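Note that the structure is predicted; figures quoted are calculated from it, not measured.
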Amino acid sequence: MQLVLASSSPYRTALLERLGLPFSVDPPGIEETAAPGESARAQARRLAAAKAHEVGARHPGSLVIGSDQLAVLDKSVLGKPGHREANIDQLARASGREVLFLTGLCLLDTRTGRQQLDVVDYQVRFRSLTLDQIRHYVSRERPYDCAGGFKSEGLGLALFERMTGNDPSALVGLPLIRLVEMLAKAGVDVLGAATSEELDARS
């Protein structure tokens with residue numbers, strides 16, 4: 001059965017590659033905005049499911065993974081900064097404070113229409129950062145396309161005082177521990193499945 005990642009994120013692609021399963025990537029084309037009165041948690045759930053269903057319509061007989069991440073500071077959602085000055089401002093606001101990352105995850109079985117849907121929490125406390133430190137970091141990594149304005153898989157770790165959560169991969173944008181559980185319920189044993197390399201060798 002084909003596994004499809006409904007994402008345009010290179011970070012999610014790199015995370016899914018860790019599991020060694022063959023998969024394809026098909027970016028969704030949905031609008032990632034909040035509905036009126038919608039909480040951040042509800043938005044992450046809805047968008048993860050919407051991505052999976054939109055891409056799933058093009059891939060019958062597949063398992064489709066949809067994911068969406070929001071960073072929340074004082075009940076306010078921090079989006080992807082998009083450019084340098086917004087990135088600096090975002091990290092300055094987070095300095096010395098805690099930011100909650102909510103990662104929606106959906107696994108859709110297009111054979112049956114059954115979906116598994118969850119939101120995985122991960123909390124980060126930032127160090128008290130100087131403006132020079134923030135500017136230096138942003139210049140080095142340019143994390144303009146990352147929720148929260150940093151890359152935790154790189155130098156972004158130096159921004160943190162403490163991280164709290166069950167799945168560090170959730171912070172990057174795809175909770176692999178929860179995904180493995182979902183795949184198992186869908187009949188895919190990650191530890192027993194053939195890897196991409198093994199399938200290539202058989203062909």
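For S8, the side chain to side chain contact (heavy atoms under 4.5 Å, CB included) test picks out P27, with sequence neighbours left out. Under the rule for a ring pair (Phe, Tyr, Trp, His ring centres under 6.0 Å), the partners of F101 that lie at least two apart in sequence or sit in another chain are F150. Residues satisfying the side chain to side chain donor-acceptor pair (under 3.5 Å) test with Q116, not counting sequence neighbours, are none. The side chain to side chain donor-acceptor pair (under 3.5 Å) search around Q90 returns none, not counting sequence neighbours. Looking at residues two or more places apart in sequence or on another chain, you find a side chain to side chain donor-acceptor pair (under 3.5 Å) between S24 and Q2. With sequence neighbours left out, the side chain to side chain contact (heavy atoms under 4.5 Å, CB included) criterion links D145 to Y11. Every side chain to side chain contact (heavy atoms under 4.5 Å, CB included) that E31 has, sequence neighbours left out, goes to T33. Scored by the side chain to side chain contact (heavy atoms under 4.5 Å, CB included) test, T112 finds D109, R114 as partners (sequence neighbours excluded). In terms of the side chain to side chain donor-acceptor pair (under 3.5 Å) criterion, residue partners of D26 (sequence neighbours excluded) are, by chain and number, R58, H59.
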Just list the side-chain donor-acceptor pairs under 3.5 Å for residues 154-164, sequence neighbours left out, or say none.
{"unit_1": "E161", "atom_1": "OE2", "unit_2": "R125", "atom_2": "NE", "d": "3.4"}
{"unit_1": "R162", "atom_1": "NH2", "unit_2": "E98", "atom_2": "OE2", "d": "2.9"}

Just distance, no hydrogens or angles: give the donor-acceptor pairs under 3.5 Å from side chains in residues 165-177, sequence neighbours left out.
{"unit_1": "D167", "atom_1": "OD1", "unit_2": "S169", "atom_2": "N", "d": "3.0"}
{"unit_1": "D167", "atom_1": "OD1", "unit_2": "S169", "atom_2": "OG", "d": "2.4"}
{"unit_1": "D167", "atom_1": "OD2", "unit_2": "S169", "atom_2": "OG", "d": "3.3"}
{"unit_1": "D167", "atom_1": "OD2", "unit_2": "L176", "atom_2": "N", "d": "3.2"}
{"unit_1": "D167", "atom_1": "OD2", "unit_2": "I177", "atom_2": "N", "d": "2.9"}
{"unit_1": "S169", "atom_1": "OG", "unit_2": "L174", "atom_2": "O", "d": "3.3"}
{"unit_1": "S169", "atom_1": "OG", "unit_2": "L176", "atom_2": "N", "d": "2.9"}

Name each donor-acceptor pair under 3.5 Å that joins a side chain in residues 179-188 to protein atoms two or more places apart or in another chain, with its distance.
{"unit_1": "E181", "atom_1": "OE1", "unit_2": "R178", "atom_2": "NH1", "d": "3.2"}

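Residues V64 and A6 approach most closely at CG1-CB, 4.0 Å, considering heavy atoms.
By the neighbour-count criterion of 12 heavy atoms within 6.0 Å, atom CZ of R142 is sparsely surrounded, having that number or fewer from other residues, nucleotides or ligands.
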